[in-house]
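When reading the values below, keep in mind they use all heavy atoms of this one structure, side chains included, and skip hydrogens, waters and symmetry mates. Along the sequence shown, residues are numbered consecutively beginning with 1.
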Amino acid sequence: NERLKLKIQPFKLAGRRVMIDRLLFDPDVLAAVEAHATAEGVPRDVAMQRARRYAREIVPAFNAYWYFRVGTRLARRLSESLYRVRLGFADDAALADVPPDAAVVFVINHRSNMDYVLVTYVASSSSALSYAVGEWAQVWLLRSLIRSMGAYFVRRDSRDPLYRRILARYVSMATAAGVTQAVFPEGGLTRDGSLRPPKLGLLSYMVQGFDPREGRDIVFIPVGVNYDRVLEDRVLTGALAREAATTAGAPARGPVFRFDPFVLMGFLAKSAWQRMTGRWFRLGYACVSFGRPLSLRDHLRRRGVDLRTLPEADRQAEIQRLGERLMAEVGHVVPVLPVSLVALVLEQAGGAALTPFELKGRVYDLMQALSARGVYLHIPRSDREYAVEVGLRMLALRRLAIEDGAAWRANPDEALLVAYY
């Protein structure tokens, strides 16, 4: 805590059994248990056992040693072995002005499951983040490590009122206690590269009961993440293609994470062989940018509202407005990388081949237009020509850009991936 900008709160350091009991005997949870027993026609003890199972699933077991000595070191090694990691835009003055007792929430766009690893590494010198993670993290062994890192599991598609109430109370209690959290409002990975509409469940749990006049403030920090190559890109665009091909009336299901040890072993073996033969390239740049903090207290004061006194419909409308504002701020700080620039120019060419001179000219114009809008661009070595070369090389290695004589054009067979980037 002496070296962290955002301190680890006592709530996060409390024993897991203590936190489970505290959650189970919360008045709102007890009322939900009674309602569940009545609705299902089961004894109260049976309903309480189910509640305890939910609480044990949700409540993490944070261990500072595992987080800083194991987790963040693994995050650093994995991130730097796969990418050239860069810190993009950060308003240091605004971040320094965040009240020390505020509950800080990092609001992040969701490009890849590497987001958890990358943001943990980048933020490790400032805070210990608590994530909400989905069912993909329930893999044996991985589950224990993630729980010790302070993450809590969320059944995103659960409609059980008892489960939702227990989850809501845990998130509300953690926020009220000042625990630093990180959330992905999109609720899942983007399939087409653009931001998805926010899902407001966790956000509503955080702000419910917030007093805009006194007590601990909630400060949201927009975080933008981008990669020159996303590990799951073909899975995601494949799901998008299947969705588009699905006939009307037959709902399409999104990709489900399934851990396959043989796929992992194959990837590691291929990477090791490429390193031994000198053909290993890292997957380009990965960049994280931090936007200007948004105080919930200031936001509600400007709006002239108190969420506690609003009717339910109006309260949800205010939370929706807050979520849209946060996502707009996140979108503004997503860094633009070399692959993004070259891919957009090739896509806009509409299949036409561009000479290296034409390609560079169009990318330079795009850089200028984006810079005029205040967008952060990561230009390696501050060299625009080198940025174009790096972006084109990454696309060419994956056959997303193909050479046509002395010119380059987007591969028509990879249109979805080019559009994704």
Side-chain angles (χ1 to χ4, degrees), residues 5-6 71-96 106-127 129 182 184 189-190 193 195 221-233 271 280-293 329-345 360 363-364 366-371 373-398 400 420-421:
K5 296 178 182 177
L6 303 174
T72 58
R73 290 185 177 184
L74 286 175
R76 176 179 181 175
R77 290 189 178 184
L78 181 58
S79 297
E80 292 187 341
S81 67
L82 293 175
Y83 298 100
R84 295 180 174 90
V85 179
R86 299 293 183 267
L87 177 63
F89 173 81
D91 191 333
D92 293 331
L95 293 172
F106 291 87
V107 184
I108 314 168
N109 66 308
H110 209 0
R111 291 282 281 178
S112 167
N113 284 312
M114 269 296 296
D115 296 344
Y116 299 93
V117 178
L118 182 65
V119 176
T120 295
Y121 162 40
V122 172
S124 61
S125 62
S126 299
S127 63
L129 302 180
F184 299 93
L189 299 177
T190 174
L195 293 178
I221 299 180
V223 181
V225 180
N226 202 4
Y227 306 85
D228 270 339
R229 178 178 177 181
V230 173
L231 295 173
E232 311 92 330
D233 55 6
S271 299
W280 166 257
F281 290 94
R282 282 187 286 183
L283 308 180
Y285 290 92
C287 189
V288 182
S289 288
F290 296 85
R292 181 177 295 274
E329 293 293 331
V330 170
H332 186 67
V333 297
V334 172
V336 177
L337 301 182
V339 165
S340 311
L341 293 165
V342 178
L344 179 57
V345 166
K360 290 178 182 178
V363 172
Y364 294 167
L366 180 58
M367 290 178 178
Q368 185 173 357
L370 291 172
S371 296
R373 292 168 51 189
V375 176
Y376 176 80
L377 289 80
H378 177 67
I379 309 299
R381 305 177 184 174
S382 300
D383 186 335
R384 296 189 304 171
E385 183 173 1
Y386 178 70
V388 177
E389 292 174 0
V390 168
L392 183 60
R393 181 180 66 194
M394 288 297 301
L395 293 172
L397 283 172
R398 304 189 64 200
L400 303 185
Y420 174 88
Y421 284 104

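For Thr72, there are no side-chain hydrogen bond (donor to acceptor under 3.5 Å, both in side chains) partners, not counting sequence neighbours. Not counting sequence neighbours, the partners of Arg76 by the salt bridge (Lys or Arg N to Asp or Glu O under 4.0 Å) test are Glu80. Applying the salt bridge (Lys or Arg N to Asp or Glu O under 4.0 Å) criterion to Asp233, with sequence neighbours excluded, gives Arg398. Among residues two or more places apart in sequence or in another chain, the side-chain hydrogen bond (donor to acceptor under 3.5 Å, both in side chains) test is passed with Asn226 by Arg111, Ser340.
The CG atom of Leu195 sits 12.5 Å away from atom NE2 of His110, with the distance rounded to the nearest 0.5 Å. Once rounded to the nearest 0.5 Å, the distance linking CG of Leu392 with CE of Met394 reads 11.5 Å. With rounding to the nearest 0.5 angstrom, the OH atom of Tyr421 is 8.5 Å from the CG atom of Asp228. Note that the NZ atom of Lys5 and the OG atom of Ser125 stand 6.0 Å from one another [nearest 0.5 Å]. Distance CG/Leu118 to SG/Cys287: 9.0 Å, rounded to 0.5 Å. Residue Phe184 holds its CZ atom at 5.0 Å from CG of Asp115, rounded to the nearest 0.5 Å.
The aromatic rings of Tyr83 and Tyr227 lie tilted to each other, with the angle between the two planes from 30° to 60°.
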Acceptor/donor pairs from residues 376-387 side chains to any protein atom, 3.5 angstrom cut, sequence neighbours excluded:
{"from": "Arg381", "atom 1": "NH2", "to": "Tyr386", "atom 2": "OH", "distance (Å)": "3.4"}
{"from": "Asp383", "atom 1": "OD1", "to": "Glu385", "atom 2": "N", "distance (Å)": "3.0"}
{"from": "Asp383", "atom 1": "OD1", "to": "Tyr386", "atom 2": "N", "distance (Å)": "3.2"}
{"from": "Glu385", "atom 1": "OE2", "to": "Lys360", "atom 2": "NZ", "distance (Å)": "2.8"}

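Thr190 places none of its side-chain heavy atoms less than 4.5 Å from the side chain of Asn109. Between Ser289 and Val334, every side-chain heavy-atom pair lies at or beyond the 4.5 Å cut-off. Val225 has its side chain out of reach of Met114: every pair of non-hydrogen atoms, C-beta onward, lies at least 4.5 Å apart. Glu232 is listed as a side-chain neighbour of Asn113, based on a closest heavy-atom distance under 4.5 Å. Residues Val390 and Leu337 have side chains not in contact (no heavy-atom distance under 4.5 Å, counting atoms from C-beta outward). Two residues are said to be in side-chain contact when any heavy atoms from C-beta on lie closer than 4.5 Å; Val388 and Val345 fail this criterion. At least one side-chain heavy atom of Tyr121 sits under 4.5 Å from a side-chain heavy atom of Val85. Leu341 is listed as a side-chain neighbour of Leu370, based on a closest heavy-atom distance under 4.5 Å.
Residue Leu395 comes nearest to Ala343 through the heavy atom pair CD1-N, 3.8 Å, listed as atom of the first residue, atom of the second, then distance. Residues Val336 and Val375 approach most closely at CG2-CG1, 3.6 Å, considering heavy atoms. The nearest pair of heavy atoms linking Pro222 to Glu329 is CG-CB, 3.7 Å. Here the closest non-hydrogen pair linking Leu95 and Gly291 is CD2-O, 4.2 Å.
A donor-acceptor contact shorter than 3.5 Å is absent between the side chain of Ser371 and the backbone of Gln368.
Sorted by first and then second residue, the side-chain hydrogen bond (donor to acceptor under 3.5 Å, both in side chains) pairs with a member in residues 388-397 form an empty list; sequence neighbours excluded.
In Arg292, the CZ atom is not crowded: 12 or fewer heavy atoms of neighbouring residues, nucleotides or ligands sit closer than 6.0 Å.
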